[in-house]
Number of protein chains: 2
Amino acid sequence: MGTTQLEAVPEPKYWHLRTVLTEALDSEFAVGEILPNERDLAARFGVARATLRQALEQLELEGRLQRRRGVGTTVAPPRVGVAVGTEQHAWPGAAGDVWQAADCVLAVPPATVAAALETGVDTPVLTVRRSRVSHGQPVAAELLYVPEASVPDLSGIDAPSGAARARAVLRALQRLELESRDSAVELGSARADDAKELDRLPGAPVLVVTTRFLADGRTAALSVATYRADTCRLTFGDAGGVEIHQDPERAAS
Amino acid sequence: MGTTQLEAVPEPKYWHLRTVLTEALDSEFAVGEILPNERDLAARFGVARATLRQALEQLELEGRLQRRRGVGTTVAPPRVGVAVGTEQHAWPGAAGDVWQAADCVLAVPPATVAAALETGVDTPVLTVRRSRVSHGQPVAAELLYVPEASVPDLSGIDAPSGAARARAVLRALQRLELESRDSAVELGSARADDAKELDRLPGAPVLVVTTRFLADGRTAALSVATYRADTCRLTFGDAGGVEIHQDPERAAS
DNA sequence: GAGTGGTCTAGACCACGCG
DNA sequence: GCGTGGTCTAGACCACTCA
């Protein structure tokens, strides 16, 4: 027979903390409210600061908290839905596009991009930098790679770089017939430059959306867009997406 | 004029470590190879184990490493692409579906799900559990919520629960006319039950895909699918997605 | 039982935002 | 200058896998 096991699977402290804090956030805190600082919270729960931080990291990952150095930890608003898969058959920069073209240079892309574009590994391609703002907050940074071969009628434009050239490249793309586009979403961590643009620290979790634009039977452009994973919910499909985020630690049985 | 600033922004040790390790992985290690253990690695780089672990965590998040307690740290294979947005106008369980129905119970769903289904907060709905395997590895766990009102002709089926009932529910859905579906992708952390099914620890990063199925002008079913973020690349759109993952710490200018 | 990664502690100092 | 979160250390013990 043996004794009944009550605490058969003692969960880690940080995980239990996460649960407790989640419930507290749901019931006792308003969006934007400032939490006690980490040292106080750790003392209150009787754990080391590192352990408390592990719980806070989880909650930040889940979009429940926002931490800013020198300021404090605040309760985050619900994630904003950002449309990614609508306008299924439009080039970047088409009417109604929510992106802001920032710059355009001619540069050798990363090897993985060169492979997808089927250009040589040392062939420079037009590289357009764009950014996306939603509700006053930067939510995404994009690099759009366009082989010069895709926009032959661009040659002769004077501006060697800058926002004007970026817009010219986008306009040139509109003149092509878009066959199809497909995307992939994966988790990544923000590189230094993206992190700066997204107002985060390097290594912050991001959702990387890679989109390939097909025209004339080949990849005419490739977009690598980096979204803040803590604040964004990417929506695809016919309507605006579903207003749900996962319920913490609650099974359905 | 003042002195030139050489090390103006000294990057954190763990970030530098991540970069060094990434390069080592690219050049000196094969997929599946086992890395030295954490204590040795930390000593080799002259840092505390916690600092080394911070770098390894980043790399695991990026899908470059796989760590298993009691075993060791191995070099991960490239992420597998899993199609999410294809068969745009099909119900779950349609022909060619890659999911494995496991169970079906009648239970009260989380409040957020009840809201999306427009059922009462205390109304039980049919809850189908399915799992998805790719390349011999579990990649996703799904909960499919189906209000009983969506499948009225199901009443009378005897099996109160189990895989048989799950399949019956899916078959009943096929008989409805699907108007449209839309999805959203966001970052989450695995709850205990999902973590177990995905062979990960609780809190592991996951990509949560929420899909709403519309029929007869209302939400006939709601799917919440949890994908392993470390091993999966979710693909949407016409073709199979793009075989790219972001180049570590390399700007395009 | 030996060896691995996972958790936790109690400190220290640093970088940043703001008054 | 003060308070915040971010980084880092040097330990300890635990949970797990496998020979």
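Keep in mind that the numbers below use all heavy atoms, side chains included, and drop hydrogens, waters and symmetry copies.
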Chemist: Let me know, please, whether A/Lys13 or B/Gly72 comes out on the 5' side of the other along DNA chain C by nearest nucleotide.
Modeler: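 That would be B/Gly72.
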Chemist: Provide, to the nearest angstrom, the distance between the CG atom belonging to B/Leu59 and the P atom belonging to C/dG5.
Modeler: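 That distance rounds to 14 Å.
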Chemist: Examine distances only and state if a side-chain atom of B/Thr74 and a backbone atom of B/Gly72 form a donor-acceptor pair shorter than 3.5 Å.
Modeler: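 Absent.
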Chemist: Can you find a pair of side-chain heavy atoms, one from B/Leu143 and one from B/Arg129, that are under 4.5 Å apart?
Modeler: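 The answer is yes; the side chains approach within 4.5 Å.
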Chemist: Considering only heavy atoms of chain B and a distance under 4.0 Å, specify the first and last nucleotide of DNA chain D in 5' to 3' order that meet this criterion.
Modeler: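 Taking any atom under 4.0 Å from a heavy atom of chain B, the span is D/dT7 to D/dT17.
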Chemist: Can you list, in residue-number order, the parts of residues 47-55 of chain B that come under 4.0 Å of DNA chain C, counting heavy atoms only?
Modeler: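 Correct list: B/Arg49, B/Arg53.
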Chemist: Check the distance between C/dA2's C1' and B/Arg39's CZ and give it to me in whole angstrom.
Modeler: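 Computing the B/Arg39:CZ to C/dA2:C1' distance gives 12 Å.
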Chemist: Listed by chain and number, what are the side-chain contact (heavy atoms from CB on, under 4.5 Å) partners of B/Glu33, not counting sequence neighbours?
Modeler: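 Listed in chain order: B/Phe29, B/Ala30, B/Val75.
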Chemist: Short question: side chain of A/Arg228, backbone of A/Leu198 - any donor-acceptor pair under 3.5 Å?
Modeler: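 Such a contact is found between A/Arg228 side chain and A/Leu198 backbone.
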Chemist: Flag the pair A/Arg191 and A/Asp194 as a salt bridge only when some basic side-chain nitrogen lies within less than 4.0 angstrom of an acidic carboxylate oxygen.
Modeler: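 Salt bridge: yes.
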Chemist: Tell me: CG of B/Leu56 to P of C/dG5, nearest whole Å?
Modeler: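 Roughly 8 Å, once rounded to whole Å.
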Chemist: Counting Watson-Crick and G-U wobble pairs with both distances under 3.5 Å, what is the dot-bracket string for DNA chain D, 5' to 3', using [ ] for crossing pairs and | for pairs to another strand?
Modeler: ||||||||||||||||||.
Chemist: Which residues pass the side chain to side chain donor-acceptor pair (under 3.5 Å) test with B/Arg130, not counting sequence neighbours?
Modeler: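 Here the qualifying residues are B/Asp97, B/Glu142.
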Chemist: Going by side chain to side chain donor-acceptor pair (under 3.5 Å), name the residues that satisfy it together with A/Glu38, two or more places apart in sequence or in a different chain.
Modeler: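 With neighbours one apart ignored, the set is A/Arg49, A/Arg53, A/Arg67.
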Chemist: So, taking the atom named CG in B/Leu17 and the one named CG in B/Leu56, what distance separates them when rounded to the nearest 0.5 Å?
Modeler: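 Between B/Leu17 CG and B/Leu56 CG, I get 8.5 Å after rounding to 0.5 Å.
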Chemist: May I have the distance from A/Arg69 (atom CZ) to C/dC16 (atom C1'), rounded to whole angstrom?
Modeler: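 Nearest whole value for this atom pair: 6 Å.
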Chemist: Could you check whether any side-chain N or O of B/Asp103 sits under 3.5 Å from a backbone N or O of B/Gly162, counting only pairs where one atom can act as donor and the other as acceptor?
Modeler: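 Indeed, once roles are kept as given, a pair shorter than 3.5 Å links the two residues.
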Chemist: Before accepting this row, confirm whether a basic side-chain N of the pair A/Arg18/A/Glu57 lies closer than 4.0 Å to the acidic partner's carboxylate O.
Modeler: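 Salt bridge: no.
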Chemist: Is there a side chain to side chain donor-acceptor pair (under 3.5 Å) between A/Ser183 and A/Thr211 once you walk through the steps?
Modeler: CA-CA 4 Å; A/Ser183 309; A/Thr211 305; 3.2 Å; yes
